[in-house]
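Take a look at the structure below.
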Protein chains: 2
Amino acid sequence: MSEDDEAPRGRRRGSIGARRNPETEAAVLMAAQALLAEKGYAGFSIDEVARRAGAGKPTIYRWWPTKADLFVAVYEQDKAAFVADPHAGDLKSDLIAYTRALWTFWRDSPAGCTFRALVAEAQGSKAALAALRDKFLPERVRTLRNIFARAAVRGEIDAADVEALLELYVGFNWLRMLTDRIADDKAAVDRMARLIAGARGDRKAG
Amino acid sequence: MSEDDEAPRGRRRGSIGARRNPETEAAVLMAAQALLAEKGYAGFSIDEVARRAGAGKPTIYRWWPTKADLFVAVYEQDKAAFVADPHAGDLKSDLIAYTRALWTFWRDSPAGCTFRALVAEAQGSKAALAALRDKFLPERVRTLRNIFARAAVRGEIDAADVEALLELYVGFNWLRMLTDRIADDKAAVDRMARLIAGARGDRKAG
DNA sequence: GCCACATATAAACGAACCGTTCCGTTATGA
DNA sequence: TCATAACGGAACGGTTCGTTTATATGTGGC
């Protein structure tokens with residue numbers, strides 16, 4: 001929030017030669033993050049980011065050709081604040097721990113706004129959709145897949161069901177986030193985790 | 001697609017007095033629907049809708065103050081094409097039938113585009129979010145709740161789990177639609193339905 | 001029959017954002 | 001030394017936004 005970070009209107013931050021200026025990169029990501037947190041997706045504009053970062057629009061478009069690229073970069077920067085990889089011993093407990101950590105992360109950092117913006121952007125742009133589906137999602141889901149895989153090894157779930165259960169779980173979180181219902185709802189999270197962890201779906205009834 | 005519906009550029013459609021003109025309403029909804037189907041969310045604009053419908057922008061803003069209102073109205077108009085309420089006898093079969101009908105509806109009508117636009121809009125506007133969460137979603141989920149409720153009556157699932165299972169199922173469909181993965185994937189739908197229908201989550205391990 | 005009123009379209013408004021281009025400056029790296 | 005590339009500033013033409021003004025049209029109350 002200092003003038004050095006957000007609006008270095010006095011001092012100018014010029015080129016440092018034939019390479020990317022890390023100060024500029026940081027200033028742009030910070031400005032984008034703050035703008036998303038303040039105004040949300042509808043109030044977001046490259047012009048405003050450039051103004052706040054004290055950067056030129058050509059500079060921004062050089063490094064992040066589309067809004068989706070910028071959103072992904074902002075989310076990447078924040079992900080350090082979320083490193084949940086619970087080893088509670090059983091799937092249900094792992095899911096509860098992971099979910100509570102994720103929702104807290106989405107609520108208490110700008111990451112929730114960034115995620116929502118990325119999903120919104122993906123509904124209007126093929127490139128953004130590809131970024132969301134083929135880059136962002138697989139990366140976010142890696143830790144989660146391990147949680148389910150470990151449960152399969154322990155025999156809690158069928159190994160063949162891992163991907164489908166993953167989708168059910170991720171879908172639940174998306175639905176909650178996109179409808180702004182990620183308050184600390186212990187009971188709802190508990191019911192969801194119990195159902196997912198207890199889903200056997202005995203193949204006989206095919 | 002006739003000139004009467006989409007672009008009555010020759011003939012003018014004036015006021016019919018101190019009340020809404022049904023012709024204008026229909027022309028606007030048709031134009032909005034076609035534009036969404038053609039250009040998607042990013043390419044959608046009120047200006048273009050007004051041009052295509054041969055209507056004035058003030059007229060559109062009078063009856064649909066926000067884009068979300070217009071999207072909801074467009075979806076409402078199309079919902080007649082989707083009346084799935086399967087009574088196959090068991091939950092898994094019902095879910096498979098419903099899902100296949102829903103995905104077909106989303107793929108083969110403009111409804112999928114409209115849904116995606118509404119979700120996107122809701123990520124940038126409080127009013128749109130409220131419309132999506134408190135009006136659109138509850139309405140869409142009614143039939144679905146009956147399917148789960150009937151399964152509970154038959155003893156296939158616990159009545160106390162209906163709402164949570166509903167959320168898991170709806171989340172799955174949202175995730176698929178918003179990442180544009182609603183091709184006719186028989187195997188994936190089957191796995192999902194089997195897991196949801198078989199979710200008991202025996203309360204003991206609470 | 002007359003008139004207040006609400007509706008309809010057209011045209012234009014100022015503001016904002018888009019993505020791009022040109023320019024002058026600065027510093028690297030060959 | 002010097003081509004190269006990154007930087008910020010300014011402006012471009014085009015589009016959309018939501019609103020306002022003006023005018024025509026038909027309803028419903030009197």
Side-chain angles (χ1 to χ4, degrees), chain A residues 4 6-29 31-32 35-36 38-71 117 120-121 124-128, chain B residues 6-29 31-32 35-36 38-71 117 120-121 124-125 127-128:
Chain A
D4 282 282
E6 255 196 33
R9 289 184 182 81
R11 187 165 52 85
R12 177 175 165 168
R13 186 181 52 241
S15 167
I16 61 169
R19 57 185 176 144
R20 186 195 292 221
N21 188 333
E23 282 185 40
T24 296
E25 180 178 10
V28 168
L29 291 181
L35 184 54
L36 275 173
E38 276 178 42
K39 310 273 192 70
Y41 176 61
F44 184 89
S45 81
I46 300 293
D47 282 274
E48 179 69 13
V49 172
R51 271 192 294 275
R52 292 193 183 203
K57 278 205 292 178
T59 302
I60 298 182
Y61 279 107
R62 179 179 354 260
W63 300 115
W64 302 278
T66 72
K67 283 202 187 78
D69 293 316
L70 190 47
F71 294 157
E121 186 72 9
S125 149
K126 297 269 182 197
Chain B
E6 254 195 35
R9 289 185 180 83
R11 188 167 52 84
R12 176 173 164 169
R13 187 180 51 241
S15 166
I16 61 168
R19 58 184 173 143
R20 185 193 294 218
N21 187 336
E23 281 185 40
T24 297
E25 178 177 10
V28 167
L29 291 181
L35 184 54
L36 274 173
E38 275 178 42
K39 309 275 191 69
Y41 177 59
F44 184 90
S45 80
I46 300 294
D47 283 273
E48 179 69 12
V49 172
R51 270 192 295 274
R52 292 192 183 204
K57 280 204 292 178
T59 302
I60 298 182
Y61 279 108
R62 179 185 340 272
W63 299 116
W64 303 278
T66 73
K67 282 204 188 76
D69 293 316
L70 190 47
F71 294 156
E121 186 71 10
S125 150

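No hydrogens, no waters, no symmetry mates; every other heavy atom, side chains included, goes into these values. Just so it is clear: chains get the letters A, B, ... in the order the sequence lines come, proteins before strands, and each one is counted from 1. Being a predicted model, the structure only gives us computed values, none of them experimental.
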Distance below 4.0 Å between A:R13 side-chain N/O and D:dG8 OP1 or OP2
yes
Of all the nucleotides listed (D:dT16, C:dC17, C:dT9), which has the minimum atom distance to the side chain of A:D47?
C:dC17
With no hydrogens and no angle check, is any side-chain donor or acceptor of A:R13 less than 3.5 Å from a backbone partner on A:A27?
no
Without decimals, in angstroms, what is the distance between A:F44 CZ and C:dA16 P?
18 Å
Rounded off to whole Å, could you give me the CD-to-P distance for the B:E23 and C:dT7 pair?
17 Å
Looking only at heavy atoms, which two atoms of A:N21 and A:G14 are closest? And how far apart?
ND2-O, 3.2 Å
Within residues 58-66 of chain A, which residues have any heavy atom lying less than 4.0 Å from an atom of DNA chain D?
A:P58, A:T59, A:R62, A:W63
A:K67 side-chain N/O to C:dC18 phosphate OP1/OP2 under 4.0 Å:
yes
Would you say a side-chain N or O of B:R51 is under 4.0 Å from OP1 or OP2 of D:dT16?
yes
With sugar-phosphate meaning primed atoms plus P, OP1 and OP2, does B:A50 contact a base, only sugar-phosphate, or nothing at under 4.0 Å between heavy atoms?
nothing
If you take all heavy atoms of B:A50 and B:G56, which pair is closest and at what distance?
CB-C, 4.4 Å
Short side-chain N/O contact from A:S45 to OP1 or OP2 of C:dC17, under 4.0 Å:
yes
Nearest-Å distance for atom pair CD1/P, residues A:I46 and C:dT20:
11 Å
Starting from P on C:dC18, measure out to NZ on A:K57 and report it in whole angstrom.
7 Å
Rounded to whole Å, CD of B:E48 lies from C1' of D:dG18 at a distance of 18 Å
Roughly how far, to the nearest 0.5 Å, is CG of A:L36 from CZ of A:F71?
5.0 Å
So, B:R62 side chain and B:R20 main chain: donor-acceptor pair closer than 3.5 Å or not?
no
CD1 of A:I16 versus C1' of C:dT26: gap in Å, rounded?
11 Å
Output the rounded distance in Å from NZ (B:K39) to P (D:dT16).
8 Å
Compute both the distance and the angle, then confirm whether A:R19 meets the cation-pi test with A:W63: under 6.0 Å from the six-membered ring centre, within 45 degrees of the axis.
no
Counting side-chain heavy atoms from C-beta on, which of D:dG8, C:dT20, C:dA8 comes nearest to A:A55?
D:dG8
How close or far is atom P of D:dT4 from atom CG of A:N21, stated in whole angstroms?
22 Å
So, do A:E25 and A:W64 sit near enough that their side-chain heavy atoms are less than 4.5 Å apart?
yes
